Engineer: 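Pasting a structure below so you can have a look.
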Amino acid sequence: MCSDDSFFSFKGEKRGRRAFYRGSQEEKYEDGIKWKFLEHKGPYFPPEYQTLPDDVKFYYNGKPVKLSLPAEEVALFFAQMMDHEYTTKEVFRNNFFRDWRKEMTLEERQLIMDLNKCDFGELHAMHKQKVEARKNLSKEEKLVNKEANQKIVDEYGYCVLDHHRERIGNFKIEPPGLFRGRGDHPKQGMLKKRIQPEDAIINCSKDSRIPEPPAGHRWKEVRHDNTVTWLASWTENVQGSCKYVMLNANSKLKGEKDWEKYEVARKLKTCVDAIRAQYQEDLKSKQMGTRQRAVALYFIDKLALRAGNEKEEGETADTVGCCSLRVEHITLHDTLDGQKCVVEFDFLGKDCIRYYNKVPVIKRVFKNLKLFMENKQGGDDLFDRLNTQLLNKHLSSLMPGLTAKVFRTYNASITLQQQLKELLKENVAEKLLSYNRANRAVAILCNHQRAPPKTFEQSMANLQAKIDSRKEQLDLAKKELKQAKKEAKGSSDNKLLIVVEKKKKAVQRCEEQLLKMEVQATDREENKQIALSTSKLNYLDPRISVAWCKNMEVQLDKIYNKTLRDKFAWAIDMTEHDFVF
DNA sequence: CGTCATACTTAGCAGGGAAGCC
DNA sequence: GGCTTCCCTGCTAAGTATGACG
């Protein structure tokens with residue numbers, strides 16, 4: 001459907017892909033090779049557990065019990081979380097208690113049989129005290145800590161990859177603790193064990209200085225695999241999944257990958273019409289599987305749903321994406337609020353964020369959905385003949401590199417571009433508001449939510465109070481101006497004329513400040529439950545924003561903070577004002 | 001051909017510090 | 001200059017996607 005012509009050199013781009021390969025030795029490697037040289041110091045391990053002071057005691061059944069070191073460490077994990085709601089949850093407590101008992105000695109295990117008889121009060125109090133003490137450190141003490149941290153970053157936070165010194169993203173091994181899943185996670189409260197060097201695999205060049213394991217330890221393995229980008233990995237015990245130490249987003253390798261992602265999405269732009277025509281056609285297919293695929297694709301395209309891989313039941317919270325939708329997640333309405341063929345979605349997506357939406361769909365989709373739901377229970381798969389592998393196989397046959405998630409990237413970026421075109425404004429504050437509105441339209445499309453800030457109501461009220469007082473001030477300033485004009489009228493006294501000018505300026509300044517605050521209030525209110533940062537970071541082609549800033553004469557740092565400017569350095573470097581996504 | 005493992009991107013949240021406010 | 005607010009950064013969980021394996 002779409003040819004595989006290279007996507008180099010687009011309008012509005014100073015250079016194409018070559019921008020990443022300045023210098024003669026920096027040509028792109030053969031397929032799958034990620035680097036030729038990689039050197040680093042290995043991951044940084046968290047400090048060992050320090051036993052409790054003698055005066056801080058754990059009590060069981062009212063009696064003080066001196067716990068063994070491993071049991072004590074895990075007890076403290078629980079004690080530290082006691083202000084949090086999930087230590088009251090049944091699943092959390094049970095998982096914790098089961099794993100805690102595994103760390104106990106035989107005697108401890110025989111004694112400590114009931115979590116409800118455990119008193120962590122002193123441990124909890126000690127923790128709170130420590131937090132408080134840390135907060136109250138003097139400026140100098142804080143500076144000392146900061147410098148110590150910086151030393152760790154300097155030593156472990158960088159690697160050398162093909163002649164470039166690069167920042168590592170997460171060079172610290174995750175410390176042990178109690179697993180906190182999102183939503184109703186069946187494994188919440190389980191013990192996330194301490195990782196030892198013996199658990200860690202190191203990846204680096206053969207000819208590099210191999211990182212030294214901490215004294216008295218050895219690595220699980222040292223390998224030299226240049227088809228992957230990670231520097232170290234370990235297996236996490238709660239879910240049994242692999243964790244990786246990887247480069248920072250501002251690295252060349254990550255930037256290149258990011259650029260490629262957006263190029264694939266731009267490629268989709270050139271053939272999305274044909275793909276849409278195709279799935280419209282497929283809605284009529286005689287093959288049930290093809291029709292299901294077409295409906296799923298319709299959702300993914302129109303609603304920016306995620307692909308929806310299968311998940312192992314009981315291992316994670318019950319969340320779904322498009323392909324894994326169940327009958328119980330949608331309700332069909334022949335008519336609703338004056339609209340025809342409305343599908344009501346209600347399901348938990350990634351991170352247990354609720355997706356709730358009422359969407360009118362085309363008739364053929366509606367009829368197919370009715371068919372798919374026939375003779376099924378709520379818990380049955382809506383698309384029983386479809387999974388993400390089948391879907392992606394189909395997509396990659398339509399366009400090289402096309403997968404389900406590309407639609408999210410494409411629709412997010414194209415939405416931003418369109419919205420920015422429509423929302424044209426005069427002054428900088430308003431321009432930024434319209435940028436945020438465009439950003440918000442994308443965040444809504446992608447269902448990027450956040451918990452309303454805890455202090456939201458209060459800070460909103462504070463802002464409103466400020467607006468009110470500024471209004472009063474403005475009224476006053478206007479009156480004064482009027483008065484000054486009156487006095488100056490007919491007079492040629494220069495002093496009076498100067499006063500008039502002064503008052504004019506004051507009114508103007510007041511008006512500007514008022515407008516700024518009102519814009520801020522609107523922006524904040526509209527943003528209450530919406531997270532803009534996720535789409536900015538992951539879905540919006542940065543070249544759109546860079547070009548917009550150039551055209552609007554808005555400083556880039558008004559929309560991108562330092563981290564984002566670093567991450568998108570490639571886009572800042574290559575984008576001209578006439579860039580079109 | 002389904003299942004599992006692997007690698008990498010996407011996600012929201014907490015805590016701390018810098019910026020903004022009076 | 002002290003206080004509050006809010007933004008940034010780090011953290012790590014939770015997705016997507018694909019290739020190996022039996």
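Keep in mind that what you see is a predicted model, and the values were worked out from it rather than measured. The sequence lines fix the lettering, A, B, ..., with proteins before strands; numbering per chain opens at 1.
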Engineer: Once you apply a heavy-atom cut-off of 4.0 Å, does A:Asn309 come out as touching a base, just sugar-phosphate, or nothing?
Structural biologist: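 Base, at least one base atom sits under 4.0 Å.
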
Engineer: NA contact type, A:Ala451, heavy-atom cut-off 4.0 Å: base, sugar-phosphate, or nothing?
Structural biologist: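 Result for A:Ala451 = sugar-phosphate.
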
Engineer: Heavy atoms under 4.0 Å, any strand shown: does A:Ser241 hit a base, just sugar-phosphate, or nothing?
Structural biologist: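 Here A:Ser241 touches no strand at all.
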
Engineer: Going by the salt bridge (Lys or Arg N to Asp or Glu O under 4.0 Å) test, name the single residue among A:Lys261, A:Lys267, A:Arg266 that passes it with A:Glu263.
Structural biologist: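 That would be A:Arg266.
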
Engineer: Taking the inter-plane angle between the rings of A:Phe345 and A:Phe299 on a 0 to 90° scale, is it parallel (under 30°), tilted (30 to 60°) or perpendicular (over 60°)?
Structural biologist: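 The rings of A:Phe345 and A:Phe299 stand perpendicular, inter-plane angle above 60°.
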
Engineer: A:Tyr560 or A:Pro175: which one's nearest nucleotide on DNA chain C is closer to the 5' end?
Structural biologist: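 Final value for this comparison: A:Tyr560.
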
Engineer: Please verify the inter-ring angle class for A:Phe120 with A:Phe78; under 30° counts as parallel, over 60° as perpendicular, anything in between as tilted.
Structural biologist: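 Because their plane-to-plane angle lies in the 30° to 60° range, the rings of A:Phe120 and A:Phe78 count as tilted.
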
Engineer: Checking all strands, does A:Gln239 fall into the base, sugar-phosphate, or nothing category for heavy-atom contacts under 4.0 angstrom?
Structural biologist: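 The residue A:Gln239 makes sugar-phosphate contact but no base contact.
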
Engineer: Return the 5'-most residue of the pair A:Arg182, A:Lys562 with respect to DNA chain C, ranking by each residue's nearest nucleotide.
Structural biologist: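 Nearest nucleotide further toward 5': that of A:Lys562.
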
Engineer: When the distance from CD1 of A:Ile201 to C1' of B:dT6 is rounded to whole Å, what number comes out?
Structural biologist: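 Whole-Å distance recorded here is 11 Å.
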
Engineer: Using a heavy-atom cut-off of 4.0 Å across all strands, would you classify A:Lys393 as base, sugar-phosphate, or nothing?
Structural biologist: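 A:Lys393: no heavy atom of the nucleic acid under 4.0 Å.
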
Engineer: Starting at the 5' end of DNA chain B, which residue's closest nucleotide do you reach first, A:Val131 or A:Ser533?
Structural biologist: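 The 5'-side residue here is A:Ser533.
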
Engineer: Report which part of the nucleic acid A:Lys135 touches: base, sugar-phosphate, or nothing (heavy-atom distance under 4.0 Å, all strands).
Structural biologist: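 Here A:Lys135 touches no strand at all.
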
Engineer: If each of A:Cys242 and A:Ser535 is mapped to the nucleotide of DNA chain B with the nearest heavy atom, which maps nearer the 5' terminus, i.e. the 5' end?
Structural biologist: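 So the residue in question is A:Cys242.
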
Engineer: Given A:Asp318, which partner from the list A:Arg182, A:Lys311, A:Arg326 fulfils the salt bridge (Lys or Arg N to Asp or Glu O under 4.0 Å) test?
Structural biologist: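 Going through the options one by one, the only one that passes is A:Arg326.
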
Engineer: Across the strands shown, which category fits A:Lys187 at heavy-atom distances under 4.0 angstrom: base, sugar-phosphate, nothing?
Structural biologist: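 The answer is nothing, as A:Lys187 stays clear of every strand by at least 4.0 Å.
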
Engineer: With a 4.0 Å cut-off on heavy atoms, is A:Thr229 in touch with a base, just the backbone sugar-phosphate, or nothing at all?
Structural biologist: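 Sugar-phosphate contact only - A:Thr229 comes under 4.0 Å of backbone atoms but never of a base.
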
Engineer: Indicate the ring-plane relationship of A:Phe568 and A:Tyr560, choosing parallel, tilted or perpendicular according to the 30° and 60° boundaries.
Structural biologist: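 The rings of A:Phe568 and A:Tyr560 sit tilted, inter-plane angle from 30° to 60°.
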
Engineer: Name the nucleic acid region contacted by A:Gly308, choosing base, sugar-phosphate or nothing; use a 4.0 angstrom heavy-atom cut-off, strictly under.
Structural biologist: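 Sugar-phosphate, backbone atoms only, no base.
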
Engineer: Less than 3.5 Å between a donor and an acceptor, one on the side chain of A:Lys350 and one on the base of B:dT10, is that the case here?
Structural biologist: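 A donor-acceptor contact between them is present.
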
